[in-house]
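If you're wondering where the values come from, they're calculated on a predicted model, not measured in any experiment. Read the numbers this way: they start at 1 and go in the same order the structure lists the ligands and their atoms.
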Amino acid sequence: MTDTHVHPVQPAWRERALIDDATYRAWYERSVADPEGFWAEHGKRIQWMVPFSRVKEKNFDENVSIKWFADGQTNVAANCIDRHLASRGDQVAIIWEGDDPNEQKKVTYRELHESVCRLSNVLKDHGVNRGDRVTIYMPMIPEAAYAMLACARVGAVHSVVFGGFSPDALAGRIVDCGSTFVITADEGLRGGRKVPLKANTDKAIEIAGNNGVAVEKVLVVKRTGGDIAWRENRDVWYHEAVERASPVSEPEAMNAEDPLFILYTSGSTGKPKGVLHTTAGYLVYASMTHQYVFDYHDGDIYWCTADVGWVTGHSYIVYGPLANGATTLMFEGVPNYPDAGRLWQVVDKHQVNIFYTAPTAIRALMGAGDAHVTKSSRASLKVLGSVGEPINPEAWEWYFNVVGGGKVPVVDTWWQTETGGILITPLPGATDLKPGSATRPFFGIKPQLVDNDGQVLEGAADGNLCITDSWPGQMRTVYGDHERFVQTYFSTYKGKYFTGDGCRRDADGYYWITGRVDDVLNVSGHRMGTAEVESALVSHDAVSEAAVVGYPHDIKGQGIYCYVTLMNGIEGTEDLRKELVAHVRKEIGPFASPDKIQWAPGLPKTRSGKIMRRILRKIAEDEFGALGDTSTLADPAVVDDLVANRQNKK
Ligand code: ATP
Ligand code: MG
C-alpha cells in the first residue's frame, strides 16, 4: 500500500490529551520490559474486594493457560456502578436514544444501581447462581445493559446474542453454552421495523429442547407492547418481576479468573467460536483502553454505535465506559433512519464528544453524500474512532475531513473478540496518524510478524500477525472446548498467539492490517492483502465499496477477482471496468491488475457488517455448493444475486 500522507498530532489534541508521545514511549517501554511491575500498578485502577498479589501467569506452549491477578477478588458490576455512587450518583450513566428520534431516556448512576440490584434479585429468586449461563437476546435498550450487569453482580456468565440473529443461530448458542435462562423483549425496533424477538426466542427454545437443552425461564421486557405468545410457568414479565424484587443486593465477591461472559465471534472466517472472558483482567484492560485510546476525560459524552451483541458493545458501550464513570450513549436505531443524517443529528442533540463506529457505516454514509453530514454542526466532537475491518484511506480521509472537519483525530483501533480490548491503535495526543494504519501497539502488547514458516521478520516487513506475550484482556478459552482454543490460536506458530490477520510493518514501526491471512493473494509470486486492492478500488470516485478475493488462475497461480459496489446512480459499463483496472494498476502496480470485476449491488456481510470474503471466494471459485457456515450472514439474497451474475462463466 502506498503510504498516504501523515496527519501529525495537532497542538489542540496534545494539549487536551492524557498521553503525549514521550509518555507513550516511556510507558510502552516499561510495559514490555517489566510487565509484572506495569500491570501490578495498573491493575489497581479497578476496585478490589481482596487485593491481588499475583500478576501474570502465562503459558502459551502445549498446556496453554492464562491467568491475571489470580488471587484477587472483585465484582465487575460494583466497579461499574457502586463505586461511582458517592462521587457521581446523579450523573447520567446511560443516554438512551430510541429508534424513533422522539424517544430518549437518561439513566443516572443511582438509577442504574437500583435497576441492576432489582434485576440481580430477580435472577437469584429464579435460581440463577454463580457460574450459570444466562442468554441475553435483546434490542439496544438500557435493560440490555442492566441484564449484563446483573449477571456480573450475581456471578452468572452472560452470553449476549445479537438481536438480529435467527432462531437457529440463537438456539445454537443456547445449546453450546447450556443456558437455561433467557432474557429478551417482546419485540425490537430498528429502522422503523419490528423485530420479533420473543417469537424468535420461542422457536429457538423449541430447537434447543430438541438438542438437549431445556430452557426453564424467559424474562421478557415489554418494549413495543406487540402481540406475543405466552407460556405460563416459563415466561415472566420483566417489569412485574423487578417491581416485586428488593432494591438491595450485595455484589458477589468473584475470583479474578471467574468467567464473566461468553461471546461468539462474528463468523467471518468460519463457524463462530464461543470466546470466554474472565473477570478482573478483562475489566482492567477494557477500562484502561477506553480511557487512553479515546482520551476519555471526566464529563465527556461518549458514543459507540456498536450493538451490545458484539464485543465492541461489551467493552466499549458497557464495561469500559461505566468502569470509568463515563456517560455512555446507547442507540437503538440504524444510521440511515429516518435518513442518512441520523448519526450526526444524535451527535448534536446529545453533544457527543467521542464517537466510535465501523468502516462499513462510514463507507455507507460516504456513499449517501456529504450533505447529510454538513447540515449538522458536530462541533462537540473531540475524537473519532473506527473498528471492525481495515478502513481504506479514502474512507479514513472522508471521516477525518468531512465528519471531523479536519480538526479531530481518528483512532483506527485493531482488535478482536478474542483480545477483549484494543491492541493496536493510535493515541489521540501521541500518535501521528497515517490513514489506513492502526499504527502502534497499546501498552503491554508485543506484536510480531512471522513468515509462513514461523521465521520472525524484523523491521519493515509483511507477514502473519502474532502477539508474543499475554495482556489482561486476553480470552482464556473457547467455552467447553479448550482444545479448539489451543488449536486455533497457539498451534500455527509455537508459543505465540496467532491472530489470523496479515499485517505489514512500515519503516516507522507502524502496523497496517492487510486482511485475513486466509485472504492474502499470491499473484505470480507477489503477495498482497485484499485490503490493498480494495483500497485502490475505493479510491476511485465511482466506487462505494469493494471486496477482493483470489481464484485459481492457470498462469498466475491466483487471479484477482473484484466485487465492486458503485456509488448511488452510477452505472457499471465496460468503459468503467477498464478504467478501474487502469486505476488499480496505477495505484499499486501492474502485478495487482484485476482479472475480473463484477458489479455487486450488495456484498455478503456478517450481521456485524464485515465482508465475508470466504463466500465470495467460493463464488469466484465456482463452488457455490460449498458456501460453508452462513448462519451469521446478514442478507442471503445478496449471495443469490452474486451467484447469478458471476464473471467466471466458461
Ligand atoms: P470469526 O473470528 O468468527 O471469523 P471475526 O474475526 O470477524 O469472525 P471479530 O472478533 O468480530 O470476528 O473481528 C475481529 C477481526 O476484525 C480482526 O481479526 C480483523 O480481521 C478485523 N478488524 C477489526 N478491527 C480492525 C481494524 N481496525 N483494522 C483492520 N482489521 C480489523
Ligand atoms: Mg476472528
State whether a side-chain donor-acceptor pair under 3.5 Å links Tyr479 with Asp176. no
Restricting to side-chain hydrogen bond (donor to acceptor under 3.5 Å, both in side chains), what partner residues turn up for Tyr563, sequence neighbours left out? none
Do the side chains of Asp508 and Arg440 get close enough for a salt bridge, i.e. N-O under 4.0 angstrom? no
Can a cation-pi geometry be assigned to Arg607 and Phe162, taking NZ or CZ under 6.0 Å from the six-membered ring centre and within 45° of the ring axis? no
What protein heavy atom sits nearest atom 20 (O) of ligand 1, and how far off is it? Asp501 OD1, 2.9 Å
Going by the rule side-chain hydrogen bond (donor to acceptor under 3.5 Å, both in side chains), which residues pair with Asn324 if we only count those two or more places apart in sequence or in a different chain? Arg45, His290
Would you say Ala438 touches ligand 1, if touching means a heavy atom closer than 4.0 Å? no
Could you walk me through whether Lys618 and Val549 pass side chain to side chain contact (heavy atoms under 4.5 Å, CB included), step by step? CA-CA 9 Å; Lys618 294 285 186 206; Val549 297; over 6 Å; no
Counting from 1 in the order shown, the ligand 1 atoms closer than 4.0 Å to a non-hydrogen atom of Glu418 are 10 (O)
Could you establish whether Ser608 and ligand 1 come within less than 4.0 Å of each other, counting only heavy atoms on the residue side? no
How far is atom 21 (C) of ligand 1 from the closest protein heavy atom, and which atom is that? Gly388 O, 3.3 Å
Shortest protein contact, atom 4 (O) of ligand 1 (heavy atom only): Thr269 OG1, 2.4 Å
So is Lys271 in contact with ligand 1, going by heavy-atom distances below 4.0 Å? no
Structural part of Thr413 in contact with ligand 1, heavy atom criterion under 4.0 angstrom: backbone
If you take the nearest heavy atom of each of Ser268, Gly436, Gly500, which one is closest to atom 7 (O) of ligand 1? Ser268
